[in-house]
Amino acid sequence: MPRANDAVEAMLIEYADLLSILFDDPYKPRAYEKAARAVGGYPVDLEGKDLPEILKIPSVGRSIGEKIEEFLGSGTMAELEALREKIPPGVRDMMSIQGLGPKKAMVIYQELGVGSVDELVAAIEEDRVAALPRFGAKTQENIARGIGQLQSAGGRVKIDVALGVAEVFVDALSSLPQSRRVAYAGSLRRMKETIGDVDLLVAGDEATPVMDAFVAQPSVARVLAHGDAKTSIVTELGLQIDLRVVPEAAWGAAMIYFTGSKAHNIRIREMAVRAGLKLNEYGLFDAKSGELLAAETEEDVYGRLGMGYIEPTLREDRGEVEAALAGEVPTLLTEKDLQGDLHTHTNLTDGLASLEDMVGRAAGLGYRYFAITDHAPNLYMQRMTDDKILAQRARVAKLQSKYPKMTLLHGTELNIDPDGNVDWDESFLAGFDLTVASVHSHFNQSRDAMTARMLRAIENPYVDIIGHLTTRQIGKRPPVDLDLQAVFEAAGRTGTALEINSHPDRLDLSDEHVLWARRHGVRFAVDTDAHAVPHLDHRRFGVGVAQRGWLTKDDVINAWSLRRLQRFLAEGRP
DNA sequence: GCCGTTTTCGGCCCGACTGTTTTCAGTCG
């Protein structure tokens, strides 16, 4: 369930959208958007908070504060309701069409009486949009295409898909003689779980040949814009890619700008303005003299603003600017810190690879320990038995002699049944080096039942790690309904680790859940849940989530030494 | 609407591209 903050954020953004449609003043909606972001990123849950508490949120003044208070108390806000009376919700929906903003949406509504995307489609078919003042055939065509894009792709792709596309383009552009440096930036570099469009950056003196080579790539389906500094295309998959070419001397400033996030950029630009400076994609300048102060590396630019380097995964305006100013940016978990993987499967159950192949790849990754955690009997389709899992334990023990530098741990992935019970009795569970417990069915239980179920599993002394807590599958299955506050408190109190499942379809916990859970002292396990050898490399995505959740290696049990991990696993057992 | 060791009023992040315009508004990132 979303926090109250998320509901408030959505309310403020809707209000800002309606203001931008109805009025000309651009600053008022911007103030609401800014406040909305501040609320969304605010670490304290606003549920039940009074006005003095609300006013502690930056960018929230009396006017917005009172609206938030009203909304928290009544679930709605009178002035928002009043604006909703004036504008059908479909007009706001139209703003999600590429190329159609608040002003054009309002003209379409006022002049044509068109108040929904469906009605807009009809109006375009009748050629009525092109005839509007300051519209035209081109504009109508672009809106039509924007609608097509909105309805087909729906926008975002999963991070592994975007990364694959980005790497192809980076390779192609890197081979050009005009390219000095090539990199992807944007939300992909920040490791967001889904990617709306891919941002590419090339350093070079000649933009035109790079832009021409870009639009000539085989997977380009359509060119949206083609300029000297900026070009945008859409691939056959419907993924938009933006390319910017900048002078090499401005690489650092450009990387900061194109990595974002937008909120982060706004924060540091405001800081620059206040210091009498100007920051853009070409560098940091003295506002008066125009003198260039920093541009070549990201470190230079942040340094000149009085901050240390900020990792891309932190750049969301969730406190990283304040931390950097105070010199308190945490040293984030990296792939290299991971000493092992604690959730993996073999072909004894539903994995594709043999025990030997999985362990072989784990050794190749340089792990100091590695856990095999095949499914337990209560997931009946896996056909697990006591004899089979004990035979596997013997095989693991035998295989150990081949890997003197890596300790093999024999574990299992238990099934949390609807009542919160898991497979096997305590004496049998005591025989495992570690256990992961996860929900695999009955996703639609009530919030109360699901929370009780999860708490019971967390309290079980033989459960070491909760796997994929919410069971969401990105774009396919929603998360289960849970009282996360209660779950995180219990996990922190009992020392039950929560998994960050690294599979790009899951990424469960999400970054926001990690931020929330770590405030309760929760420990995490960044695991792959690998069902095949290549899945072991998904850890890069799990590490991305961990970084976005501000985790250091001290927070992550499989970044610890074997001794420390074993002490952690032993704690709480009878 | 918010905010202030340059400001309690007058600013508000900045630049590129498109389309419909004869100098710029709208949109996007």
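Proteins get letters first, then strands, A, B, ... in listed order; numbering begins at 1 in each.
One can place CE of A/M255 at 16 Å from C1' of B/dG29, the figure rounded to the nearest angstrom. Here B/dT20 presents its P atom at 10 Å from CD of A/E141, a figure rounded to the nearest Å. A straight line from CD1 of A/I64 to P of B/dC3 spans 8 Å, rounded to a whole angstrom. Rounding to whole angstrom units, CG of residue A/D228 and P of B/dC17 are separated by 7 Å. If you take CD of A/E270 and P of B/dG10, they are 20 Å apart, rounded to a whole angstrom. In this entry the distance linking OH of A/Y27 with P of B/dC3 reads 17 Å, nearest Å. In this structure, the CD1 atom of A/I233 is 16 Å from the P atom of B/dC17, given to the nearest Å. In this structure, A/F135 atom CZ and B/dC24 atom C1' are separated by 16 Å, rounded to whole Å.
Within the 4.0 angstrom heavy-atom criterion, only backbone atoms of the sugar-phosphate kind lie near A/L279; the bases stay farther away. Using a 4.0 Å heavy-atom cutoff across all strands shown, A/P26 reaches no nucleic acid atom at all. The residue A/I97 sits close only to the backbone: its heavy atoms come under 4.0 Å of sugar-phosphate atoms, none of a base. Base engagement by A/K262 is indicated by at least one non-hydrogen atom pair under 4.0 Å involving a base atom. As judged by a 4.0 angstrom heavy-atom cut-off over every strand, A/R267 is placed among residues making no nucleic acid contact. Residue contacts shown for A/A137 are limited to sugar-phosphate atoms, with no base heavy atom under 4.0 Å away.
At least one side-chain nitrogen or oxygen of A/Y282 sits closer than 4.0 Å to the OP1 or OP2 atom of B/dA16. In this structure, A/R134 does not reach the B/dC24 phosphate: none of its side-chain N or O atoms is under 4.0 Å from OP1 or OP2. The side chain of A/K230 places no N or O atom within less than 4.0 Å of a non-bridging phosphate oxygen (OP1 or OP2) of B/dA16. Using a 4.0 Å cut-off, some side-chain N or O of A/Q98 falls inside it from OP1 or OP2 of B/dG29. At the phosphate of B/dC13, neither OP1 nor OP2 sits under 4.0 Å from any side-chain N or O atom of A/N280. Under 4.0 angstrom from either OP1 or OP2 of B/dT20 there lies at least one side-chain N or O belonging to A/T139. Under 4.0 angstrom from either OP1 or OP2 of B/dC12 there lies no side-chain N or O belonging to A/K34.
Using atom P as the reference point in both B/dC17 and B/dC12, the two lie 24 Å apart (nearest Å). Comparing the P positions of B/dT6 and B/dC2 gives an interatomic distance of 23 Å, to the nearest angstrom. Taking atom C1' in both B/dT5 and B/dG1, the straight-line distance is 24 Å, to the nearest Å. When the C1' atom is compared between B/dG26 and B/dT20, the two are found 11 Å apart, to the nearest whole Å. Between B/dC3 and B/dC13, the two P atoms lie 13 Å apart (nearest whole Å).
A donor and an acceptor atom sit less than 3.5 Å apart, one in the side chain of A/Y257 and one in the base of B/dG29.
Remark: the backbone N or O of A/R506 is paired with a side-chain donor or acceptor of A/R472 at under 3.5 angstrom.
Using a 90° window around 0 for the glycosidic torsion, B/dT7 falls inside it and is classed as syn.
Counting heavy atoms of neighbouring residues, nucleotides and ligands inside a 6.0 Å radius, atom NZ of A/K553 does not exceed 12 of them.
Between A/L80 and A/E14 there is a side-chain heavy-atom pair separated by less than 4.5 Å. Within the 4.5 Å cutoff, the side chain of A/S59 has no heavy atoms near those of the A/I57 side chain.
Comparing B/dT27, B/dC12, B/dG1 by their closest approach to the side chain of A/K104 singles out B/dT27. In this structure, of B/dA16, B/dC17, B/dG29, it is B/dA16 that holds the atom nearest to the side chain of A/R244. Ranking B/dG26, B/dT6, B/dG29 by closeness to the A/Q240 side chain, first place goes to B/dG29. Of the candidates B/dT18, B/dG15, B/dG1, the closest approach to any side-chain atom of A/K67 belongs to B/dG1.
Of the charged side-chain nitrogens involved, at least one lies within less than 4.0 Å of a carboxylate oxygen, so that A/R180 and A/D205 count as a salt-bridged pair. Electrostatic pairing of A/K262 and A/E33 does not count as a salt bridge here, judged by no charged N lying under 4.0 Å from a carboxylate O.
Residues A/N265 and A/T231 each lie close to DNA chain B; by heavy-atom proximity, the contact nearer the 5' end of the strand is made by A/N265. Residue order along DNA chain B, read from the 5' end via each residue's closest nucleotide, puts A/A31 first among A/A31 and A/D197.
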Taking it one step at a time, do A/Y32 and A/K67 satisfy side-chain hydrogen bond (donor to acceptor under 3.5 Å, both in side chains)? CA-CA 11 Å; A/Y32 279 90; A/K67 292 187 176 76; 3.0 Å; yes
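Nucleotide B/dG4 has B/dC9 as its partner under the Watson-Crick or G-U criteria, with both atom distances under 3.5 Å.
Applying the salt bridge (Lys or Arg N to Asp or Glu O under 4.0 Å) test between A/D17 and each of A/K28, A/R84, A/R92 identifies A/R92 as the sole match.
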